[in-house]
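What follows is a short report on a single structure.
Everything numeric in this text was worked out from a predicted model, so none of it was measured. Computed over heavy atoms, backbone and side chain alike; hydrogens, waters and symmetry mates excluded. Naming: A, B, ... by sequence-line order, numbering from 1 per chain.
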Number of protein chains: 2
Amino acid sequence: MQNLSNSNLSQPQRHFIDELAMLLLSWGMTITAARLYGYLQLQIGPVSLDEMAADLEVSKSNVCAAAKLLEAHGNARRLGERGSKRVLYVAGDDPGLPLRRQTDLLGMMSALIAARKDDVAEGAARARLTRLAAFHRDLKDAMEGAILPYKPKSGS
Amino acid sequence: MQNLSNSNLSQPQRHFIDELAMLLLSWGMTITAARLYGYLQLQIGPVSLDEMAADLEVSKSNVCAAAKLLEAHGNARRLGERGSKRVLYVAGDDPGLPLRRQTDLLGMMSALIAARKDDVAEGAARARLTRLAAFHRDLKDAMEGAILPYKPKSGS
DNA sequence: TGACAGATTCTGCATTTGCTGAATATACAA
DNA sequence: TTGTATATTCAGCAAATGCAGAATCTGTCA
């Protein structure tokens with residue numbers, strides 16, 4: 001059976017990308033961004049928009065948007081090729097970067113709840129909010145602790 | 001200035017609910033579900049669908065759907081009132097319950113990557129996947145460790 | 001400068017989503 | 001069994017989203 005498309009991916013690779021993408025969808029990613037994420041993880045060197053579009057079999061404009069999204073979230077890095085207008089992408093080197101947004105959110109929620117709880121609740125509800133604020137704070141701390149060791153060596 | 005609506009919430013409470021909801025939106029919640037989440041946190045006793053709809057100023061069908069959503073995610077608990085068809089909701093007593101879904105996801109991703117990495121990548125990409133699987137696993141463990149202490153006392 | 005290679009933005013479309021108000025279903029009480 | 005209070009589902013609508021392909025913009029090279 002010939003390869004009908006222009007994709008250079010092996011079938012196991014496609015399966016891997018799609019399965020990983022399915023899991024990532026639960027995190028609110030679009031399907032193209034999720035697939036691109038998995039795709040970039042498999043690549044050894046930087047890849048161009050045309051390669052990504054061909055391999056993932058989606059339009060270039062679509063993959064362009066997805067790449068920008070991943071870049072904004074810290075999941076991909078954009079490289080300029082010297083002496084060319086061509087744009088290349090590689091997987092982000094800090095897997096925890098996208099999660100910092102989440103931990104920030106947890107911190108904000110914890111702070112908000114702690115600051116307002118006495119104004120908006122009393123009795124059992126106030127006790128619950130106190131507990132909730134502590135929970136968010138502890139979770140944030142635990143996540144940050146787990147993320148930290150994976151920060152890439154600072155010599156960028 | 002009179003209260004033009006049927007809501008029993010104080011203005012600080014409304015503010016709190018809306019601010020918290022804004023933060024929760026980033027986690028993919030719908031606005032009504034997010035507001036209902038905050039609302040339930042403020043309540044001392046169980047509340048009916050009619051109360052929720054009136055206080056949040058949304059339709060009953062909408063709040064019904066949102067309540068089911070929160071219940072499915074473990075953010076709310078549904079109580080039957082003895083001798084009545086009325087349905088009541090309270091905030092979930094385990095703040096970490098909704099996160100177990102996330103940690104499960106992390107575990108699945110870690111397992112998927114670890115199992116397939118040798119089939120789909122080589123060289124630097126394979127090393128990156130190995131690191132990624134470990135990262136997911138460590139993050140999952142850290143989150144579970146932080147969540148565990150908040151599990152409510154087993155005496156239901 | 002002109003021509004080209006490439007990224008980006010734009011336009012249009014189909015799908016999905018969240019919401020409301022109406023219709024329907026269901027449990028309880030008499 | 002019938003009436004009633006309540007939850008749930010349905011139908012329709014408006015807004016947002018994701019996508020493809022076309023059009024446009026922008027460096028780079030001759």
Side-chain angles (χ1 to χ4, degrees), chain A residues 4-7 17-18 21-22 24-40 43 45-73 75-90, chain B residues 5-7 17-18 21-22 24-40 45-73 75-90:
Chain A
L4 297 172
S5 71
N6 294 323
S7 174
I17 289 173
D18 288 337
M22 285 304 167
L24 290 173
L25 285 187
S26 311
W27 265 76
M29 269 192 186
T30 77
I31 183 68
T32 306
R35 292 180 67 230
L36 181 58
Y37 174 86
Y39 172 80
L40 286 178
Q43 302 306 312
V47 287
S48 70
L49 284 181
D50 283 317
E51 287 176 278
M52 298 189 293
D55 285 344
L56 294 177
E57 305 182 62
V58 295
S59 76
K60 198 171 158 185
S61 61
N62 189 12
V63 86
C64 172
K68 283 188 172 307
L69 202 76
L70 289 186
E71 188 193 11
H73 282 55
N75 286 117
R77 238 174 21 154
R78 172 209 200 74
L79 307 173
E81 198 182 30
R82 225 177 76 107
S84 157
K85 186 167 159 26
R86 177 172 271 167
V87 147
L88 302 174
Y89 282 94
V90 289
Chain B
S5 71
N6 294 322
S7 174
I17 288 173
D18 288 337
M22 286 304 167
L24 290 173
L25 285 187
S26 311
W27 264 76
M29 267 193 187
T30 78
I31 182 68
T32 305
R35 293 180 66 231
L36 180 58
Y37 174 86
Y39 172 80
L40 286 179
V47 286
S48 70
L49 285 181
D50 283 316
E51 287 176 279
M52 299 189 290
D55 285 344
L56 294 177
E57 304 182 62
V58 295
S59 76
K60 199 170 157 187
S61 60
N62 189 13
V63 86
C64 172
K68 280 186 173 310
L69 203 77
L70 290 187
E71 188 193 11
H73 282 54
N75 286 119
R77 238 175 20 153
R78 172 210 201 74
L79 306 174
E81 198 182 30
R82 225 176 75 106
S84 156
K85 187 171 159 25
R86 177 173 270 169
V87 147
L88 301 174
Y89 281 95
V90 290

(message) With side-chain hydrogen bond (donor to acceptor under 3.5 Å, both in side chains) as the criterion, how do T30(A) and T32(A) come out once you've worked through the C-alpha distance, each side chain's angles and the decisive distance to 0.1 Å?
(response) CA-CA 6 Å; T30(A) 77; T32(A) 306; 4.9 Å; no

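- At whole-Å resolution of the value, CG in L56(B) and C1' in dC19(C) are 14 Å apart.
- At least one side-chain heavy atom of M29(B) sits under 4.5 Å from a side-chain heavy atom of L70(B).
- Considering only heavy atoms from C-beta on, M52(B) stays 4.5 Å or farther from V58(B) through its side chain.
- Remark: R86(B) CZ to E51(B) CD distance equals 7.0 Å, nearest 0.5 Å.
- Expressed to the nearest 0.5 Å, how far CG of N62(A) lies from CG of L36(A) amounts to 9.5 Å.
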(request) Spell out protein contact along nucleotides 5-21 of chain D as letters: B when the base is contacted, S when just the sugar-phosphate is, - when no protein heavy atom is under 4.0 Å; keep the 5' to 3' order. (result) -BBSB--------SSBB

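- Protein atom CD of E51(A) is 15 Å distant from nucleotide atom C1' of dA7(C), rounded to whole Å.
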